[in-house]
Structures are given as C-alpha cells and as structure tokens.
Amino acid sequence: MTNGIDEKVRGAYEEVLRRSTGEVEFHQAVREVLESLGPVLAKYPEFREGKIIERICEPERQIIFRVPWQDDRGEVQINRGFRVQYNSALGPYKGGLRFHPSVYLGIVKFLGFEQIFKNALTGLPIGGGKGGSDFDPKGKSDSEVMRFCQSFMTELMRYIGEYTDVPAGDIGVGGREIGYMFGQYKRLTSRYEAGVLTGKGLGYGGSLVRTEATGYGTTYFVREMLAVRKDSFEGKTCIVSGSGNVAIYTIEKIHELGGKVVACSDSNGVIHDEKGIDLDLVKRLKERERRRIKDYTDYRKHAKYVAGGNIWDIPCQVAMPSATQNEINGKDAATLVKNGCIAVGEGANMPTTPEGVKIFLASGIAYGPGKAANAGGVATSALEMQQNASRDSWTFEHTEQRLAEIMKNIHRNCWETAEEFGAKGNYVVGANIAGFIRVAKAMVAHGLI
Ligand code: GLU
C-alpha cells in the first residue's frame with residue numbers, strides 16, 4: 001500500500017492510513033502530495049526534524065454535529081454536519097461547505113487537505129479548512145433549504161468568525177445557501193460580521209467576480225499553460241464537464257478567449273452541441289430554474305443528450321473537468337490523449353484518479369492540477385475578505401484584474417518550483433512543493449503547536 005512513496009515520508013502516510021480507516025479519498029489526496037515531497041525534506045532538514053509532514057496530515061480540529069430540521073410535510077429529518085479546521089499557519093481556516101449526499105468525513109478531509117496547499121499558492125493570508133453535510137439540496141423547496149441552513153448554522157456558529165474560520169460555498173452551496181447561513185449567524189450573534197462568510201450576495205458585502213472566479217481563474221491558468229507552449233484558446237474545441245457554477249463560468253471565459261465548448265454534463269447525462277454550448281440557455285436552466293441539463297435539447301434541437309454518457313469519449317483539444325472528484329479515470333485519460341487533447345485544467349477538486357494523472361504526466365500534455373488551477377475561487381474569497389475588512393467594494397474590472405494576476409503568479413510559481421526540483425513542466429510537483437514550503441516555513445516559525 002505504501003510502495004512508490006519516498007522512505008522519508010512513508011511513516012507519515014502509514015499513520016494516515018492507520019488513523020483514518022476507510023477514508024479513501026483522503027488517502028488519495030495525501031498520497032499525491034507526499035509523493036512530491038521527498039526532495040523537499042532533503043533540502044530542508046528542519047521540516048523533517050519538526051515532523052512538519054506528520055503534523056500537516058493531522059487536522060488541527062474536526063467538528064462533527066447533528067443537524068435536525070423539519071421538511072415541508074412536517075417530518076423530522078436528521079443530517080450530519082462537518083467542519084474540519086485543517087491548518088491555520090497562514091491565516092484563519094478558509095474553505096467551502098459542500099452539501100451533497102456523498103459527504104462523509106473522508107471527503108471533507110480530502111478537500112480540507114487540498115485546501116491548505118491551494119490557499120498557500122494564492123499567496124494570500126488564508127489557512128485551510130472545509131466542511132459540509134450529507135444533506136441533498138436537490139428537489140428541496142426554498143423553505144426546506146432555509147430551515148436546513150439555519151439548523152446547520154446554529155451549531156456551526158460556535159466555531160467560526162472572521163479571525164477564526166471563514167466558510168464559503170462548494171458543491172450544493174451557492175448564493176442562496178450562503179444568504180440563509182449569513183442571516184442566521186447575524187441573528188444568533190447580534191453582529192454584522194461581514195467577513196465571517198464569503199460568496200455573499202452583492203447587496204450585503206459580497207464581492208464582484210466571486211461568482212465567476214473559479215471558472216474564470218481555471219481558464220486563465222490554462223491560458224498560461226498554453227502560452228508557455230506558444231499556443232492559445234483561439235479556435236480550440238473544448239469540453240467542460242459539469243454544469244454548475246464552476247462549469248458555467250469556465251465556458252463563459254473560454255468563449256471569450258476564442259475557444260468553443262462543445263459538451264457539458266450533469267450527474268445524469270451529457271449534452272453534445274457541435275455548434276457550441278449555448279451558455280445563456282445553460283444559465284437559465286441551471287442557475288435560475290434549477291433544472292436538469294437534459295432539458296437543453298428542448299430548446300436546441302440539433303444538440304444530442306446521452307443519458308449516462310461518458311463526456312471524455314468526445315474528442316477535444318482542451319478538457320476542463322469541473323464536476324467532482326475522480327470523474328476522469330485511467331481509461332478516460334488515455335482516451336483524451338489519444339483523441340488529441342493537449343491541455344487539461346481542473347476546475348473541480350481532485351477530478352482525476354491517480355492512474356489518470358500518471359497518464360497525463362507521461363503523455364507530456366499540459367496538466368494543471370486542481371489545487372493550482374482552481375485556486376481563483378478561494379483567492380477571490382480572500383479579496384472579498386479584504387473588501388469587508390476595509391468596508392470597501394471594488395469594481396468588476398479591478399477585481400478581475402487582481403484575479404488574473406494571482407492566477408499568473410500561481411502558474412509561474414508552480415512552473416519555476418517544478419524546474420527547481422528537477423521536474424520541468426510537471427505542475428503537480430510544482431504545486432505540491434510550492435504550496436507545502438510556504439505552509440511549512442510558517443509552521444516552523446510558530447514552534448511546536
Ligand atoms: N470551495 C471552493 C474551493 O474548493 C472555494 C472555497 C472558498 O472560497 O473559501 O476552493
């Protein structure tokens with residue numbers, strides 16, 4: 001189980017396996033980072049002496065709680081709530097909340113672990129954390145969602161705050177949910193503490209560009225990877241899986257940069273529109289009417305819908321997985337490469353399995369892992385925190401400019417770090433090492449805590 005891992009980090013990984021039985025996504029996320037870190041320990045013996053890796057793998061605090069609420073028929077429902085406060089070396093814990101039936105401790109820990117390094121890469125003062133619930137917002141009424149969010153926040157409020165822990169959205173948590181949670185936090189604390197949550201509405205402390213930020217940022221990252229190869233999005237056929245917030249704004253930016261997105265999806269099936277995805281229609285179906293992507297073909301008759309289809313079988317030059325973890329397996333990765341894909345930018349967190357990652361890296365295509373490529377979302381959350389702290393609100397242009405600069409810097413940092421550690425062009429190694437070193441140095445400075 002531990003073969004292929006440098007002996008300097010093997011002990012840390014064995015401890016993770018022993019302490020977190022069955023949390024397979026968490027094991028996967030840890031292993032992928034540790035596999036990059038052998039050369040770092042050789043260069044920085046103080047990290048080894050301080051057992052920085054062992055400490056980083058163990059969350060600072062894990063909170064699990066009951067979330068009782070009543071549905072529209074008056075029936076009592078019980079869900080489970082989580083917040084994993086993973087690492088606060090660089091700032092208050094920061095990371096989203098995911099509401100999805102698949103959520104359990106292993107998912108929250110994998111996301112929280114990734115978040116530490118992602119947040120470090122942004123260069124902004126944010127630690128790493130993640131939370132959520134196995135609540136499924138799909139098919140629920142607005143008032144059911146509100147009652148759930150109020151109950152969830154009634155417990156979560158004890159653990160968060162603008163200097164402590166600042167949650168935001170993730171899968172199943174968007175502007176509506178953040179609004180209900182902010183309202184309940186304000187009511188329970190009698191404080192208008194804008195900086196306690198990010199992804200807020202524009203009318204009450206939210207930041208322009210936060211909604212678009214993850215998708216735009218991932219697209220900027222891929223633009224940088226293509227630029228290194230003297231290439232661009234112009235005229236490229238692209239595929240963006242998913243049809244939620246990340247997918248929508250990835251499609252928008254790709255179209256702006258001259259690429260053509262021909263397919264998107266949801267958990268039921270795939271839309272293939274050779275004329276290019278009609279983004280206004282996707283926004284209407286998914287953002288405003290909360291419908292399934294299947295309904296796309298009611299309005300665009302030439303487009304094809306394949307129930308249960310595999311989006312990665314459709315040929316493309318650029319692939320942007322923007323749905324969920326492990327959505328690209330080894331076979332999918334091989335198909336993409338064989339069909340002429342030259343760049344992959346991960347808008348989702350850990351969307352490629354370890355077998356898939358190996359195939360992308362071996363093929364020499366430009367592969368941008370999520371913790372670097374999709375950091376624009378959380379980076380813009382940090383910009384929202386800056387605006388809240390100074391009671392200011394910036395223009396769209398200024399905020400987008402900051403986001404674009406941050407993504408450029410992340411790309412450069414990953415590129416240069418990979419080169420420094422003898423893995424030129426490998427953004428996995430670059431992102432893991434660059435993120436890790438920033439956190440590790442702060443941990444050393446803080447002493448044994
Ligand atoms: N859930 C997003 C992510 O995976 C954003 C987190 C945030 O803005 O705090 O990075």
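Here the structure is a predicted model, which is why all the values come from computation and not from measurement. Counting starts at 1 for both ligands and their atoms, in listed order.
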Review point. Is it the case that Lys140 places NZ or CZ above or below the six-membered ring of Phe135, under 6.0 angstrom from the centre and within 45 degrees of the axis?
Key: yes

Check your understanding: Distance only, no hydrogens: is a donor on one side chain within 3.5 Å (strictly under) of an acceptor on the other, for Ser241 and Glu327?
Key -> yes

Check your understanding: Can you find a non-hydrogen atom of Glu114 under 4.0 Å from ligand 1?
Key -> no

Check your understanding: Considering only protein heavy atoms, which is closest to atom 9 (O) of ligand 1, and at what distance to one decimal place?
Key -> Lys94 NZ, 2.7 Å

Exercise for review: Please determine if Arg210 and Glu384 form a salt bridge, counting it only when a charged side-chain N lies under 4.0 Å from a carboxylate O.
Suggested key: no

Review point. At what distance is the nearest protein heavy atom to atom 10 (O) of ligand 1, and which residue and atom is it?
Key: Lys118 NZ, 2.8 Å

**Study point:** atom 5 (C) of ligand 1: the protein heavy-atom neighbour that sits closest, reported with distance to 0.1 Å
**Key:** Arg210 NH2, 3.4 Å

Exercise for review: Considering only non-hydrogen protein atoms, determine which one is nearest to atom 6 (C) of ligand 1 and report residue, atom name and distance to 0.1 Å.
Suggested key: Gly96 N, 3.5 Å

Review point. Do Glu193 and Lys186 sit within salt-bridge range, that is, some charged N less than 4.0 Å from a carboxylate O?
Key: no

Exercise for review: State the atoms of ligand 1, each with its element, that fall below the 4.0 Å cut-off from a heavy-atom position in Ala168.
Suggested key: 7 (C), 8 (O), 9 (O)

Review point. Which protein heavy atom lies closest to atom 8 (O) of ligand 1, and at what distance to 0.1 Å?
Key: Ser381 OG, 2.6 Å

Point to revise | Ionic contact status for Glu355 with Lys358, cut-off 4.0 Å | key: no

Review point. In a check of salt bridge (Lys or Arg N to Asp or Glu O under 4.0 Å) between Asp266 and each of Lys138, Lys286, Lys294, Arg291, which one passes?
Key: Lys286

Point to revise | Validation row: Val428, Glu32 side chains within 4.5 angstrom (heavy atoms) | key: yes

Review point. For ligand 1, does Lys130 get within less than 4.0 Å through its side chain, its backbone, both, or neither, judged by non-hydrogen atoms?
Key: side chain

Check your understanding: Quick check: does Val166 get an N/O under 3.5 Å from an N/O on ligand 1?
Key -> no

Revision key, fill the gap. Taking only non-hydrogen atoms of Asn349 and a 4.0 Å limit, the atoms of ligand 1 in range are 4 (O)

Review point. Is the closest heavy-atom distance from Gly370 to ligand 1 below 4.0 Å?
Key: no

**Study point:** Verdict with reasoning, Tyr86 to Tyr93, per side chain to side chain contact (heavy atoms under 4.5 Å, CB included)
**Key:** CA-CA 7 Å; Tyr86 223 119; Tyr93 308 106; 5.6 Å; no

**Study point:** Close approach, Arg98 and ligand 1, non-hydrogen under 4.0 angstrom
**Key:** no

